[in-house]
Participant: 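Okay, handing you the structure first.
Read the numbers this way: they start at 1 and go in the same order the structure lists the ligands and their atoms.
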Amino acid sequence: MYDVAKNLHEVLGTLPDGVKLVAISKFHPAEYIEAAYREGQRLFGESQEQELARKVECLPKDIEWHFIGHLQTNKVKYIAPYISMIEAVDSLKLLKEINKQAARHGRVIRVLLELHIAEEESKYGFSPAACRELLENGEWRALRNVHISGLMMMASNVEDRSQIRREMTLAADLFDELKAKYFADDPEFKERSWGMSHDYDIAVECRSTMVRVGTAIFGPRVY
Ligand SMILES: *Cc1c(COP(=O)(O)O)cnc(C)c1O
């Protein structure tokens with residue numbers, strides 16, 4: 001097994017106060033999660049609902065799970081009872097479904113709006129314009145069982161660090177704009193989730209509050 005404990009402490013050692021680590025454990029076995037858990041890590045991220053359900057069942061109950069993948073509306077009901085945060089909300093339809101399923105369980109589920117800023121075509125998420133439109137439209141205000149807690153994004157998967165920095169800065173600026181316009185009196189709208197294994201150092205410089213790191217802790221994924 002990869003030296004999860006050592007890697008975890010290395011990553012944690014580089015994060016300033018106020019930046020949380022979401023340990024991305026997708027495609028890694030439960031033993032890897034347990035190794036990180038023994039070192040005190042309690043926040044983990046998964047991207048597939050069935051894999052997550054299997055892990056939730058066999059792992060300690062005080063783990064906080066974030067769903068970080070693309071979520072189909074028909075899968076929301078499976079994770080609604082326990083998920084702590086759904087990071088990649090990319091449509092009003094999905095937001096409404098999360099609200100409905102959260103209400104069935106008497107919960108308020110925290111969510112992030114996923115931005116699409118990267119150049120890759122295939123990625124999900126709102127363009128900055130679509131994100132503004134969603135908030136301006138105002139329907140979200142009636143959804144009492146979801147709490148929009150911030151923004152999430154993935155930068156382009158490129159070597160050019162200045163491009164990554166540009167994209168993350170754009171996301172951080174958009175966060176400020178939306179905060180001022182729609183969430184000025186909501187202290188819970190505070191999360192900026194960007195930064196993965198290869199770019200979380202840049203993300204921290206670009207005001208991330210939440211980095212999502214998998215490979216640097218658990219090693220390469222076996223698909
Ligand atoms: C897999 C994944 C990560 C982690 O990527 P690493 O390169 O392994 O750190 C972060 N965010 C999202 C959305 C992911 O799907």
Participant: In the protein, which heavy atom is nearest to atom 9 (O) of ligand 1, and how far is it?
Facilitator: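 Among all protein heavy atoms, the one nearest atom 9 (O) of ligand 1 is S197 OG, 2.5 Å.
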Participant: Check the orientation of F189 and F183. Use parallel for under 30°, tilted for 30 to 60°, and perpendicular for over 60°.
Facilitator: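 Parallel.
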Participant: Report the part of R221 in contact with ligand 1, treating N, CA, C, O as backbone and CB onward as side chain, heavy atoms under 4.0 Å; options are side chain, backbone, both, neither.
Facilitator: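 The answer is the side chain.
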Participant: Between ligand 1 and A216, is the shortest N or O to N or O distance under 3.5 Å?
Facilitator: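 Such a contact does not occur with ligand 1.
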Participant: Short list, please: which atoms of ligand 1 are under 4.0 Å from a heavy atom of V213?
Facilitator: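 Contacts of ligand 1 toward V213, numbered from 1: 9 (O).
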Participant: Would you call K93-E97 a salt bridge at under 4.0 Å N-O?
Facilitator: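 No salt bridge links K93 with E97.
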Participant: Run the numbers for me: atoms of ligand 1, each under 4.0 Å from some heavy atom of G214, listed by number.
Facilitator: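 Listed by number with element: 4 (C), 6 (P), 8 (O), 9 (O).
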Participant: Please report which non-hydrogen protein atom sits nearest to atom 5 (O) of ligand 1, along with the residue it belongs to and the distance in Å to one decimal place.
Facilitator: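 Among all protein heavy atoms, the one nearest atom 5 (O) of ligand 1 is M196 CE, 3.4 Å.
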Participant: Can you report which non-hydrogen protein atom sits closest to atom 12 (C) of ligand 1, along with the distance?
Facilitator: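 For atom 12 (C) of ligand 1, the nearest protein heavy atom comes out as I68 CD1, 3.6 Å.
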Participant: Indicate the atoms forming the closest heavy-atom contact of L113 with C131, along with that distance.
Facilitator: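 Scanning both residues completely, I find the closest heavy atoms to be CD1-SG, 4.0 Å.
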Participant: Quick test: of every protein heavy atom, which one is nearest to atom 11 (N) of ligand 1, and how far off is it to 0.1 Å?
Facilitator: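 Closest protein heavy atom to atom 11 (N) of ligand 1: R212 NE, 2.9 Å.
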Participant: Say whether, by atom type as modelled, one donor and one acceptor occur between the side chain of K179 and the main chain of D186 under 3.5 angstrom.
Facilitator: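 Answer holds: yes.
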Participant: Between Y82 and L52, is a side-chain contact (heavy atoms from CB on, under 4.5 Å) present by the stated rule, with each step listed?
Facilitator: CA-CA 11 Å; Y82 59 80; L52 175 55; 3.6 Å; yes
Participant: Distance to 0.1 Å, residue and atom name: give those for the protein heavy atom nearest to atom 1 (C) of ligand 1.
Facilitator: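 Here the closest protein heavy atom is K26 NZ, 1.5 Å.
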Participant: Test salt bridge (Lys or Arg N to Asp or Glu O under 4.0 Å) on E51 and K55 and set out the steps.
Facilitator: CA-CA 6 Å; E51 180 182 357; K55 287 173 173 172; 2.7 Å; yes
Participant: Are R104 and Q101 linked by a side-chain donor-acceptor pair shorter than 3.5 Å?
Facilitator: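 Their side chains do contain a donor-acceptor pair, which is all the 3.5 Å distance test asks for.
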Participant: Tell me the contacting part of M152 for ligand 1: side chain, backbone, both, or neither, using a 4.0 Å heavy-atom threshold, strictly below.
Facilitator: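 The answer is the side chain of M152.
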Participant: Which residue supplies the protein heavy atom nearest to atom 8 (O) of ligand 1, what is that atom called, and how far is it?
Facilitator: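 Checking every protein heavy atom, the shortest distance to atom 8 (O) of ligand 1 gives T215 OG1, 2.5 Å.
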Participant: Out of R42, R110, K20, which one pairs with E64 under the salt bridge (Lys or Arg N to Asp or Glu O under 4.0 Å) rule?
Facilitator: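 Exactly one pass, corresponding to R110.
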